[in-house]
Each structure stands twice: as C-alpha cells, then as structure tokens.
Amino acid sequence: MSSSTLLVEKNGAVAVVTFNNPKALNALTVDTFEALEQMLSDLAEDQDVRVVILTGAGDKAFIAGGDIGFLATLDVAGARRFALLAQKVIDQIEAFPKPVIAAINGYALGGGCELSMACDMRVAADTARFGQPEVKLGIIPGFAGTQRLARLVGKAKAKEMIFTGEMISAADAERIGLVNRVVPADLLMEETQALAATMTDKSASAIALSKEAIDHGVEMDFARAARYEADLFGLSFATPDAQEGIAAFLEKRSPQFK
Ligand code: DAK
C-alpha cells in the first residue's frame, strides 16, 4: 500500500500513515494527495483497521504546508485541478468512517496545519509548532483553514494566527484548543498509539455514528442537530454491536464487537 510519498504501517488495528518527504519538510504536492486518496480508500475498506494515525517523517516537520516550489509551477488549470483534488482528499479525511488522529511531530504549517484540523484529534510533540503563514506569501489558507481554525479556536484566535502568519508553540496550541494534548517528543508515537488503543476495542459502528452526529450536527441549529442525533441513536439499535454491547453488560461480561 505504501508509495514514494506516503508510507503505511499496520500495527494490529491501527494503521500509521507517514508523509514521507522529510528533505522538503513533508510539503504537499499533487502526488501526495493522489497517494493519500488511494490509501484512505483502501484503509476505509480494510476491516482489520480501526484507527488511522497520520504523522510526518523525520523529527522536524509534520507537514510544512503546500510545496511552494510546486505551487509556483501551476497554471490556472493546474491550480484548479489541484484545488479540486486537495479539497476532495481533505474532505475524505474528515468523513473517514474511523477515527483519524494526527500525531504532530514538528512544524504543522499552512496546508499541514489545515490537514491536521480535518483529523478527529491532534496529539502534538512538545517541540511542534503551528502556523498559517499564507499571508507572508500573499495568499490565504486554501484547505478550508479559515473555517476549521475559527470553529476550533474561535474567530479572534484564528484571525490572530491567520493575519499575523506567526507560529505558535505546542503549549499555546493546547491552551487555545487547537490540539487535544501535548506529549514529550520522544513519546509522541507511544502516546498516540495508546490513545488509539482506547478506541480499537470499542464498537466501530457506534464510533462511526457518533462521528457523523458530531461532524454534521455541529453545522446545524441545535434542535435539528438533536433530532439528527435521535435518528442516528435509533439507527445504532439496528447494529449487531448494540445487541452485543447491551447483552454483555447485562451478562456481566466484556463485549465482543465484530
Ligand atoms: N514547500 C517546499 N519546500 C519547503 C517548504 C514548503 N512549504 N518548507 C520547507 N521546505 C524546504 C526548504 O526549502 C528547504 O529545502 P532545501 O533548501 O534544503 O532544498 C528544506 O525544506 C528545509 O527547510 P529550511 O531550510 O527552511 O528549514 P528551517 O528550519 O530553516 O525553517 C521552516 C523551517 C518551516 C520555518 C521554513 O522552511 C518555512 O518557513 N517553510 C515554509 C512554510 C510555509 O510558508 N508553508 C507554506 C504555507 S502556504 C491549495 C491550498 C492550500 C495550499 C496549497 C494548495 N489548493 C487549494 C490547491 C497550501 C498552501 C500553504 O501551505
């Protein structure tokens, strides 16, 4: 499944996907998105995989953004094609039917910070740095960063990061709610795997339905969202996992989810 730009390693029920261009700080090109599109399709179908972790090769960067050299070569048609592909893949991460955790091992800048925000959770090394430096290039975030950042940290903090283009530390990212937790750099993968392991023994169908309820519901008004949750709650009762989970509790045993 690995390609030249992406590596994948399966460790039990967890797949670790590594952006693998450390010489250019894992900057993103069309090739990366094409490989990621295929890899995510395969991992979505893979019944053995319950959680996906995205990380960067090397100890310097998660992803330092779109590849600026590559962006400079694009004409109008090429830029449009790239934008459509990238939007599709970023949406694919967000709508992925299993939890996706970003393990942020260094710079998460521009498109890299935006890609991490499409993941369900972010675990950061204490050495990680976050930023939306697009204004320094005369452009604006293009993977819906203006929207996801504002929703995650509020408009004022999002505007501060985007208008100044300055980087913030992992500690500040945690303080403003951009990351779930910060861990020592040398424990990043261990801690992220441990977080993933707390999900792999739970009901995959219940996690998928919860993810849908949160991601779609949060964009609706409260009454509609609560109604939507009720519909998905009803749907969860049609799953074998609900029968198994409830029976296991009543029989005082651990559930065996399929
Ligand atoms: N692109 C290409 N190469 C990059 C890169 C990038 N974003 N970031 C770093 N590199 C390369 C450097 O050029 C250098 O290459 P060599 O000179 O060794 O060949 C190598 O990685 C190491 O970088 P540095 O020598 O600069 O390392 P330092 O420790 O001194 O500095 C740094 C690290 C992360 C602070 C610095 O490299 C930096 O400021 N990098 C640029 C950060 C940035 O501006 N990122 C891009 C933001 S714009 C799209 C939508 C969105 C986007 C794309 C498309 N569509 C809708 C289609 C995304 C846009 C962005 O992300």
Side-chain angles (χ1 to χ4, degrees), residues 16-19 21-22 24-28 32 51-68 71 86 90 93-94 99-196 198-199 211 214-215 218-219:
V16 179
V17 175
T18 304
F19 294 94
N21 186 12
L25 305 188
N26 305 318
L28 300 164
T32 327
V51 177
V52 172
I53 295 173
L54 301 182
T55 194
D59 54 10
K60 207 167 160 187
F62 172 67
I63 297 169
D67 186 316
I68 300 169
L71 290 179
I90 297 277
I93 296 172
E94 192 165 67
V100 182
I101 308 173
I104 300 165
N105 54 309
Y107 291 114
L109 302 177
C113 186
E114 294 177 282
L115 188 145
S116 80
M117 290 191 286
C119 298
D120 297 304
M121 293 162 219
R122 283 152 294 286
V123 180
D126 52 6
T127 50
R129 312 261 294 154
F130 295 80
Q132 295 291 158
E134 286 85 350
V135 291
K136 296 181 183 174
L137 300 171
I139 60 176
I140 73 168
F143 299 148
T146 56
Q147 302 311 304
R148 287 199 181 88
L149 189 58
R151 281 164 172 75
L152 269 174
V153 305
K155 283 194 334 185
K157 287 290 174 199
K159 285 177 178 173
E160 187 176 334
M161 282 181 72
I162 292 170
F163 294 179
T164 67
E166 296 298 325
M167 290 187 226
I168 63 168
S169 66
D172 282 345
E174 185 181 31
R175 196 172 45 74
I176 66 175
L178 179 52
V179 302
N180 293 63
R181 62 186 74 166
V182 179
V183 300
D186 56 343
L187 297 179
L188 177 65
M189 282 319 288
E190 198 177 318
E191 294 281 348
T192 310
Q193 290 273 8
L195 174 63
T198 60
M199 296 171 221
K211 180 165 170 169
I214 294 168
D215 284 338
V218 86
E219 301 299 334

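Predicted model only: the values in this text are computed from it and were never measured.
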Within a radius of less than 6.0 Å around CG of D215, do more than 12 heavy atoms belonging to other residues, nucleotides or ligands occur? yes
Least distance between heavy atoms, A124 atom then A128 atom: CB-CB, 4.2 Å
If you measure from CZ on F62 to CG on L54, what distance do you get to the nearest 0.5 Å? 6.0 Å
Heavy-atom pair of closest approach, residues E219 and R151: OE2-NE, 3.1 Å
How long is the gap from CE on M167 to OH on Y107, to the nearest 0.5 Å? 5.0 Å
Do side-chain atoms of D67 reach the backbone of A27 as a donor and acceptor pair under 3.5 angstrom? no
Could you tell me which non-hydrogen atom of P141 sits nearest to which non-hydrogen atom of E114, and how far apart they are? CB-OE2, 3.3 Å
Tell me the closest heavy-atom pair linking I63 and N26, and the distance in Å. CG2-O, 3.4 Å
Would you mind reporting whether I90 and R148 have side-chain heavy atoms less than 4.5 Å apart? yes
Would you check if T146 and Q132 make a side-chain contact, meaning some heavy-atom pair closer than 4.5 Å? no
Where do V16 and Q193 land on the side chain to side chain contact (heavy atoms under 4.5 Å, CB included) test, with the steps shown first? CA-CA 9 Å; V16 179; Q193 290 273 8; 3.5 Å; yes
Can you check whether M189 reaches I53 side chain to side chain, under 4.5 Å on heavy atoms? yes
Where C113 and S116 come nearest, the two heavy atoms and their spacing: O-OG, 2.8 Å
Side chain proximity check, L25 to K60, heavy atoms < 4.5 angstrom: yes
Student check: side-chain heavy atoms of M117 and L178 closer than 4.5 Å: yes
How long is the straight-line distance from OG1 of T55 back to CD1 of I101, given to the nearest 0.5 Å? 11.5 Å
Nearest 0.5 Å, please: how far is CG in D59 from CG in L188? 11.5 Å
Quick one: do E160 and I168 satisfy side chain to side chain contact (heavy atoms under 4.5 Å, CB included)? Show the steps, please. CA-CA 11 Å; E160 187 176 334; I168 63 168; over 6 Å; no
Supply the atom-to-atom distance K157 NZ to L149 CG, rounded to the nearest 0.5 angstrom. 11.0 Å
4.5 Å side-chain heavy-atom contact, L115 and F143: no
D120 CG to I214 CD1 distance, which is reported to the nearest 0.5 Å: 8.5 Å
Examine distances only and state if a side-chain atom of N105 and a backbone atom of A61 form a donor-acceptor pair shorter than 3.5 Å. yes
N21 side chain to L28 main-chain N or O, any donor-acceptor pair under 3.5 Å? no
Minimal heavy-atom distance between G111 and E134, with the atoms involved, is N-OE2, 4.0 Å
Taking everything shown except L187 itself, do over 12 heavy atoms lie less than 6.0 Å from its CG? yes
More than 12 foreign heavy atoms under 6.0 Å from NZ of K155: is that the case here? no
Is there side-chain contact between D172 and R175, with heavy atoms separated by less than 4.5 Å? yes
Evaluate side chain to side chain contact (heavy atoms under 4.5 Å, CB included) for V51 paired with M121, printing each intermediate quantity in order. CA-CA 11 Å; V51 177; M121 293 162 219; over 6 Å; no
